[in-house]
Number of protein chains: 2
Amino acid sequence: MAERSTAGRPGRWRSGAESRQRILETARALFRQHGFGGTTVRAVATEAGVDPAMVFYFFGTKQGLFSAALEMPPHVPPAIEAVFEGGLAGVGERLVRTLVENMDRSDRSPLATLTRSAPTHDQSQALLREFIAREITARLTALLDTPDAEVRAGMVNVQLLGLTVARYIVRIEPIASAPVEELVARFGPVVQHCLTGPPAA
Amino acid sequence: MAERSTAGRPGRWRSGAESRQRILETARALFRQHGFGGTTVRAVATEAGVDPAMVFYFFGTKQGLFSAALEMPPHVPPAIEAVFEGGLAGVGERLVRTLVENMDRSDRSPLATLTRSAPTHDQSQALLREFIAREITARLTALLDTPDAEVRAGMVNVQLLGLTVARYIVRIEPIASAPVEELVARFGPVVQHCLTGPPAA
DNA sequence: GTCTATAGACGGATAGAC
DNA sequence: GTCTATCCGTCTATAGAC
């Protein structure tokens, strides 16, 4: 955590930090595109312009690299917070909008990577389940006051998961190419209905 | 060495067909559980009690085995037909019920296998897209008469895909353990609403 | 049809020079 | 910190004996 504090000399932290950063960025891209199993350490190293041994030097194992690649960018947690701070009214729209806008930007949000890898990688599957339970289900049930809160939250998870898979993983049209506003206008009310609509017969 | 008299008659080819069948059943189970990339021909052979070379003898390549494992059982196409024959009214419930009942039985329905493999296997992804386009989107748009039929069908696909992933692939609770009737009662109306509800603002 | 043996390629990971 | 060299395991697929 050495700070770059020297005035007048905007130097680098260390020469190795650059390699580390390039590896990390390449890994994020490849893991997101091909999943954990479909990505090789060698491919990451080649595309990052470094030696494969460097990857292990910095991250120990392939799984260590994967974990490092999943780190959330600092702007995501406050965005999630903001979704639920507004209360139950309009939370459906805010959920859909935040999800789609963040994933369209396709920066470091680890959600696409997790969703792509979860079906065939147990560790990703566990992480995805934990993320959903902690960030979505728990917050939704806290907002709800009905005996079927868990099921309603589950229905919302189905919407968000289905939307993610259809738009970013399997790319089903016309969902994959729809503009953000259309998705918000279409799915926002559906999500809201899952939460505040009449209970099932 | 018994009757090998007739040249044109295969005689007792049954022993080979049995092996073939055992391989196929094992492959279906493993592909469904671990996807294409996560399943090895050796593992299939071992679990089926045959030699790995037998698998290649019967199916040529791993991809050939995969394709053979994806063959639909004969009772599935009529089930799909029945969903849409009833017209637009109640099609949401029939869609959800048919999907869940068939996949819970987890017989040879290839949908779980395709959905598990699609995120990391291009060929599975293409097959899944084709299946959805042919069996769901096309039939739904034929039933609808609105200018936004494609988007409405897309919304239904999101429901079905999300339900499949949540219940059978990633196993998100409480969706994964919910009784069939609860899912039908909850998601049937939502799917119906996607098709026949008021258009988005 | 079934098995043994193996080719040929690839991927994760380590040791050690510089 | 970076690279070379390599070990070791696993995988798909093939050749050929029986």
Side-chain angles (χ1 to χ4, degrees), chain A residues 1-2 4 11-27 29-31 33-70 117 120-124, chain B residues 1-27 30-31 33-70 117 120-124:
Chain A
M1 320 291 184
R4 111 159 75 144
R12 335 181 140 163
W13 296 17
R14 286 185 98 151
S15 63
E18 270 183 17
S19 293
R20 198 191 137 97
Q21 200 54 31
R22 279 209 314 278
I23 292 170
L24 213 42
E25 277 161 27
T26 308
L30 291 186
F31 279 135
Q33 198 169 1
H34 306 294
F36 180 84
T39 302
T40 67
V41 172
R42 292 168 130 92
V44 172
T46 300
E47 188 145 332
V50 304
D51 191 274
M54 292 262 3
V55 180
F56 293 104
Y57 171 76
F58 282 118
F59 301 97
T61 65
K62 179 183 179 181
Q63 177 64 46
L65 175 63
F66 188 69
S67 301
L70 287 177
S117 297
T120 47
H121 185 223
D122 287 344
Q123 184 125 30
S124 293
Chain B
M1 182 160 297
E3 55 236 301
R4 209 55 157 100
S5 44
T6 323
R9 210 187 62 175
R12 197 159 171 79
W13 51 271
R14 178 109 180 240
S15 65
E18 272 179 15
S19 292
R20 199 191 136 98
Q21 201 53 32
R22 278 209 315 278
I23 292 170
L24 213 41
E25 279 161 25
T26 307
L30 291 187
F31 279 135
Q33 199 169 1
H34 306 294
F36 180 84
T39 303
T40 66
V41 173
R42 294 166 120 88
V44 173
T46 299
E47 189 147 330
V50 304
D51 192 273
M54 294 264 359
V55 179
F56 293 105
Y57 172 77
F58 282 118
F59 301 97
T61 65
K62 179 183 179 180
Q63 178 64 46
L65 174 63
F66 188 69
S67 300
L70 285 178
S117 297
T120 46
H121 185 222
D122 288 343
Q123 184 134 138
S124 293

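Naming convention: chains lettered A, B, ... in sequence-line order (proteins, then strands); numbering from 1 in each chain. The figures that follow rest on heavy atoms only: side chains count, while hydrogens, waters and symmetry mates do not.
- Applying a 4.0 Å cut-off to non-hydrogen atoms, the residues of residues 52-59 of chain A that approach DNA chain D are A:A53, A:M54, A:Y57, A:F58, listed by residue number.
- Across A:L24 and A:A69, no two heavy atoms sit closer than the pair CD1-N, 4.0 Å.
- Partner of B:T26 under the side chain to side chain contact (heavy atoms under 4.5 Å, CB included) criterion, out of B:T39, B:V44, B:V55: B:V44 alone.
- As a whole-Å value, the separation of A:L30 CG from C:dG11 P is 12 Å.
- Between A:K62 atom NZ and C:dG12 atom P there is a gap of 4 Å when expressed in whole angstrom units.
- The residue among B:T61 and A:V50 whose nearest nucleotide of DNA chain D lies closer to the 5′ end is A:V50.
- One can place CG of B:D51 at 17 Å from P of D:dA17, the figure rounded to the nearest angstrom.
- Here D:dC11 presents its P atom at 18 Å from CZ of B:F66, a figure rounded to the nearest Å.
- Comparing C:dT2, C:dA13, C:dT4 by their nearest atom to the side chain of B:S19 picks out C:dT2.
- A perpendicular orientation is assigned to the rings of B:F66 and B:F31, their planes being inclined by more than 60° (bins at 30° and 60°).
- Taking atom CZ on A:F36 and atom P on C:dG11, their separation rounds to 13 Å, with Å as the unit.
- The CD atom of A:Q21 sits 5.0 Å away from atom CD of A:E25, with the distance rounded to the nearest 0.5 Å.
- The closest donor-acceptor contact from the side chain of A:S117 to the backbone of A:F36 lies under 3.5 Å.
- As a whole-Å value, the separation of A:H34 NE2 from C:dC10 P is 16 Å.
- Within the structure, the ring pair (Phe, Tyr, Trp, His ring centres under 6.0 Å) test picks out no pair touching residues 44-65 of chain B (sequence neighbours left out).
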